[in-house]
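Working notes, structure below.
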Amino acid sequence: MKKTKVNPEDELTLGKMTPKPSVHDSYQGNFFDVFRDSDWRDYALVAGGIILSAVNGALVPFNSLIFEGIANALMEGEAQYQNGTLNMPWFSSEIKFFCLRYFYLGLALFLCSYCANACLYTLCERRLHCIRKHYLKSVLRQDAKWFDQHTIGGLTQKMSSGIEKIKDGIGDKIGVIVGGVATFISGVSLGFYMCWQLTLVMLITVPLQLGSMYLSAKHLNRATKNEMSAYSNAGGMANEVIAGIRTVMAFNAQPFEINRYSQQLEEARKMGVRKAMILAICTSFPLMLMFTCMAVAFWYGATLAAAGAVSSGAVFAVFWAVLIGTRRIGEAAPHLGAITGARLAIHDIFKVIDHEPEIKCTSSDGKIPDKIQGKLSFDGIEFTYPTRPDLKILKGVSFEVNPGETVALVGHSGCGKSTSIGLLMRFYNQGAGMVDSVHKRIKNVFHIFQIKLDGVPIHEYNIRWLRSTIGIVQQEPIIFVATVAENIRMGDDLITDDDIEEACRMANAHEFICKLSDKYNTVIGAGAVQLSGGQKQRVAIARAIVRRPQILLLDEATSALDTESERMVQAALDKASKGRTTLCIAHRLSTIKNASKILVFDQGLIAERGEKYQFSIENRNFIGTHDELISKEDGIYASMVAAQEIERAKEDTTLDDEEDEKDHRMFHRDSVTSDEERELQQSLARDSTRLRQSMISTTTQVPEWEIESAREEMIEEGAMEASLVDIFKFASPEGRNIIIALVFTLIRGLTWPAFSIVYGQLFRILSAGGDDVSIKALLNSLWFLLLAFTSGISTLVSGGLLGKAGETMSGRLRMDVFRNIMQQDASYFDDPKHNVGALTSRLATDAPNVQAAIDQRLAEVLTGVVSLFCGVSVAFFYGWNMAPIGLATALLLVVVQSAVAQYLKFRGQRDMDSAIEASRLVTESISNWKTVQSLTKQEYMYDSFVAASKSPHRRAIVRGLWQSLSFALAGSFVMWNFAIAYMFGLWLISNGWSTPYTVFQVIEALNMASMSVMLAASYFPEYVRARISAGIMFTMIRQRSVIDNRGLTGDTPPIKGDISMREVYFAYPNRRRQLVLDSFNMTAKFGQTVALVGPSGCGKSTTIQLIERYYDALSGKIKVDGCDIREISVKHLRDNIALVGQEPTLFNLTIRENITYGLEKISQEEVEKAATLANIHTFVMGLPEGYDTSVGASGGRLSGGQKQRVAIARAIVRDPKILLLDEATSALDTESEKIVQEALDKARLGRTCIVIAHRLSTIQNADKIIVCRNGKAIEEGTHQTLLARRGLYYRLVEKQST
């Protein structure tokens, strides 16, 4: 017999969990793990990539060697030209020789760069494809204990952003670093070869340059982290507020939230301004250093040249060789961060890949019997969840289930029912989470305390066989995006179409499937045909039936359904249970009356049990399980039944007896998805999109399709691209700073054209020669020092002021958009494009996008533009006939680069589409891991992913080859440009149309201009995004709501609390064709409690939303105290109304702040009085911080009942005239419901109260009950009068009692 593995991680020290580091926990992540399972191709690619990157890097400084020769020829030529003795054949052969060298060097750089990048991109994509497969395979084989310690979002994110980080570290970044080191070594070596003295002087400045780069990067990283953290806090707060917007509106808390958001943004703005200043310093200092370095080097070089120690050309060549080497290694250094990031991501991902689960669900070990009877026995089972070791869930549970029996498990939430099923399915090991003392005891008595199937402990069976023998139907069944037939085949691959149809008939599903467009071939699931809860449940039952399971587990399989759906599903379950051992968990006790045994769980023990057909001596007959337990009046079961009863009718009123109502209800259920479900779907869709992008992108630059996607969102919002003028108009409050910054940017833009002139003067000084070369060079160097000063100051001022202006403008934009969102009515938030994720994303991403048009990036772009125009002007001034060739070659590069970029953009959408299926499979299989494991479909999902990812993998490799072409062209263009330009210059000189000096001056002026503009060009896509984002945000600021939520208009009469609705018609704005209220009438006098009952979608909650004035009715009158509510100020109306919903929204504030939410001056005494009425005061006072205790995000630190009571206190403290209760207890278990109900009963006194309830036991004492159907009030009266009327209400009770 195998012994259950006891996890050594679970050790307790001083009552706290102190995990021992296991082999996997101590695993620190080895960068070379990326190459695990590599073949010779991968090693050839990595070797080729590194060697070619090194060769490419080493070749770059040879440009300086060629430049030395061509500069010497030009200077000698200029000297001869001035003397009138230009030796044209010699000059021509020299220039041609060096131009040919330029061409060959360009060709070598092009080939090396292209092949190096192609190797590294291909290697990267091959390795990532392999890692993705291993990762998914590993995740799908993990056990529940492991999933408890990881979030689904975190796991899918590792596969997208985690793999992006690895891509960043092992792609072209390795080439950049290797190339940078090679360029530095090669540049310094060539410098020493050409002139060792000048190289030594240059090397003194290298530590300064590298040191400044390092310190800049370090401080910038720290500032960026602080800024991101501050904005993240503001974003989290905005997300929480928008998610709970109806609560914000109900309690008039918009000013409070606007103020709270403003404070968060101010903190973030300070961090942003600080970062902008650091960035400005980091940009200006290296520039000053470089020009200072030029001043020293060129003066010293000229002195050496005058002394004959070195050729004049070598002065330029040595400077550029060492400078290029230093700059390249400096630019490469930050990429080491990408490798560190990749190493950490490798650690995270390979920790998952290497993790061996305790329960190996894909193992082939264990017994596989030919046949089983299906007898289950639980013997003294104890269990503690590994994540909550101090809380024992099961405390010695023992029971037996005979073959073919149906045993029901009932009890309050958290009593251990579902845990028993989890243990039977072997999601957890029975001993998981036990502390040491319990471990020892388990080892001693393990042979006794076990779960057994047919007398054999379940851990001895093969786990896949065990799960295939068990059919499980859960409360919220998972339906995969596939056809109906494929979904059912997930139960068993080998079944025929006839088997599927037979299973669906048994599950009462055949009829509705035949009404679908393609019947069994209709694609269902998220993003396809949406099924109602009952339909999904029946498909899940059919999927369980086709497995022909000996054991059927029903985990609250009908609790999420309305009564009509429940009846059909229950009938299907009853059929499915016949002849099978069935374990059933139920909240609705009416569904388990006919069970063979009922086991009542309480605090981890079986407190009551009932056996069918026990003989009753008193009544002289046999009684059933249900009757036996209910006869114990003080028993737990009896009290649970009593709580769920309403005299003869039990549970809710979502039943309708008219056949023609089914379509209405079905449509409603299909078309309305709960916010939570929609959020979940959107979250999965976002994960899937990130994965898709990760699978097809080869570079971490902003891809074209991202801009196109932003443009689509803008059109959807009904916005147009904003012009830069619009953005600057919005930034007018920061106008002074911007104007000063633009003046300094203009000065900064003149730096490089001015440099080219000063550089040209040095050329003239060196070519003229003479004894005063050193003095002239010294005077020329003073110009370089002036350039150092002006460039440093102008860069610092322009960058700092624009950075500050950008941050301030971005904060104001965020604030204006948030303020306008807070003033919208409910219809705005019903629009799918204004969901929580989209709105918070607008604030988080669009504002920084617009900021890009104003901050330091504006300085960079304007510098580039000014440099370009001034550089071209200088070129035309010195040689109008020479300048056009430089522009023509530059234009050629731009055309070729644009063509490649356009092709990649054209490919982009098809690349994305190719990865849709693969990314969906990942998110679907990881988020639904429990269903995948229950159905033993891990290999199926893995194989599907492998097949689906082949196409995006191939396309990503091809994309990488095109990207490599683009990089290679950019890298080799300068050499070819020099070759063409100098050849053209030679032609002009030979014809007497130009001079060697003019050619040199023009080429350098254009070279500096092109360098500046290429630096600025990288920011151009950000300007496109800035205009798109600005268009969206300006449109959002201009949007006005129909209902004035601020309450600036309208009357403020004293409100007593009489409500009347007459002939009210209403349809939700996003479903205009479907009337929710159809000539609805209702009255409620002050002090009355009026209950609304009826099936889902009949208009009950809508009524409350209209009274709160979230919406206006299409027609009809809604009056409060005889006054049309449209004439009353919205703020005044809501001040007199309080709402308690089914799932109360609490905010990440203290308990006191949540209770006084939206109110300004409330004393502690009033807070405590409200809390006492709400039955929460004692609990709060028992907390260490009392009313100052934070409730956590969305009230996550409180239980459902506690949250509900805080919400009731929040309602009571306002002393409202009207209290609205929307299913305020339906989400609670019976115990919590009792406490909350008491609080509600107290709260209702002396107020008009409108109650919506599914559980009729809570409203039978109401002054008036209104029965709704199809948006009409069809019956009204007290509970007794409605029963006496023998109408729909009476028939409902009759039908439920049977």
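Only this structure's heavy atoms are used, side chains among them; waters, hydrogens and symmetry mates stay out. Everything numeric here is computed off the predicted structure, so don't read it as measured data.
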Can you measure from [atom1] ([X]) to [atom2] ([Y]) and round to the nearest 0.5 angstrom?
X      : Y      : atom1 : atom2 : answer
Ile463 : Thr936 : CD1   : OG1   : 10.5 Å
Arg505 : Ile513 : CZ    : CD1   : 10.5 Å
Leu583 : Ile421 : CG    : CD1   : 5.5 Å
Arg543 : Ile478 : CZ    : CD1   : 8.0 Å
Arg547 : Ile488 : CZ    : CD1   : 13.5 Å
Lys417 : Ile585 : NZ    : CD1   : 6.0 Å

| Between Tyr121 and Arg959, does a side-chain contact (heavy atoms from CB on, under 4.5 Å) hold up when you go through it step by step? | CA-CA 9 Å; Tyr121 278 143; Arg959 192 178 182 85; over 6 Å; no
| said: Checking side-chain hydrogen bond (donor to acceptor under 3.5 Å, both in side chains) between Tyr428 and each of Asp143, Thr384, Asp148, which is the one that passes? | reply: Asp148
| How would you list, by chain and number, every residue that makes a ring pair (Phe, Tyr, Trp, His ring centres under 6.0 Å) with Phe147, sequence neighbours excluded? | Trp929
| said: Once ring pair (Phe, Tyr, Trp, His ring centres under 6.0 Å) is applied, do any residues pair with Tyr520, and if so which ones, sequence neighbours excluded? | reply: His510
Using side-chain heavy atoms (C-beta onward) and a distance below 4.5 Å, is [X] in contact with [Y]?
X      : Y      : value
Thr469 : Tyr461 : no
His347 : Lys351 : yes
Ile470 : Leu424 : yes
Ser934 : Arg467 : no
Val932 : Tyr942 : no
Leu344 : Asp348 : no
Leu394 : Leu423 : yes

| Step by step, would you call Arg132 with Glu125 a salt bridge (Lys or Arg N to Asp or Glu O under 4.0 Å)? | CA-CA 10 Å; Arg132 281 189 196 103; Glu125 194 46 52; 3.7 Å; yes
Would a distance-only check, ignoring hydrogens and angles, find a side-chain to backbone donor-acceptor pair under 3.5 Å from [X] to [Y]?
X      : Y      : answer
Thr923 : Arg920 : yes
Ser138 : Tyr135 : no
Glu486 : Thr483 : yes
Gln938 : Thr362 : no
Asn429 : Ile359 : no
Thr581 : Gly374 : yes

Nearest non-hydrogen partners of [X] and [Y], listed with the distance:
X      : Y      : result
Pro549 : Gly471 : CB-N, 3.3 Å
Ile368 : Asn462 : CG1-CB, 3.6 Å
Ala542 : Cys504 : CB-SG, 4.0 Å
Val546 : Gly491 : CG2-CA, 4.0 Å

| Run the salt bridge (Lys or Arg N to Asp or Glu O under 4.0 Å) check on Arg489 and Asp497 step by step: do they pass? | CA-CA 9 Å; Arg489 272 207 174 87; Asp497 290 348; 2.8 Å; yes
| note | Sequence neighbours excluded, the answer for side-chain contact (heavy atoms from CB on, under 4.5 Å) partners of Ser944 is Leu921, Tyr940
| request: Kindly write out the residues that satisfy salt bridge (Lys or Arg N to Asp or Glu O under 4.0 Å) with Asp42, not counting sequence neighbours, or none if the list is empty. | output: Arg126, Arg127
Salt-bridge contact [X]-[Y] (side-chain N to carboxylate O under 4.0 Å):
X      : Y      : result
Lys937 : Asp493 : yes
Asp39  : Arg41  : yes
Arg141 : Glu356 : yes

| task | Quick one: do Thr931 and Asn928 satisfy side chain to side chain donor-acceptor pair (under 3.5 Å)? Show the steps, please. | result | CA-CA 6 Å; Thr931 305; Asn928 304 322; 5.6 Å; no
| query | Does Glu240 have any side-chain hydrogen bond (donor to acceptor under 3.5 Å, both in side chains) partners at least two apart in sequence or in another chain, and if so, which? | reply | none
| Glu939: side-chain hydrogen bond (donor to acceptor under 3.5 Å, both in side chains) partners, not counting sequence neighbours | Arg464
| query | Just checking, Lys930 and Phe427: is the charged tip under 6.0 Å from the six-membered ring centre and within 45° of the axis? | reply | yes
| Between Arg580 and Gln550, does a side chain to side chain donor-acceptor pair (under 3.5 Å) hold up when you go through it step by step? | CA-CA 5 Å; Arg580 292 188 171 96; Gln550 281 297 109; over 6 Å; no
| Taking everything shown except Lys137 itself, do over 12 heavy atoms lie less than 6.0 Å from its NZ? | no
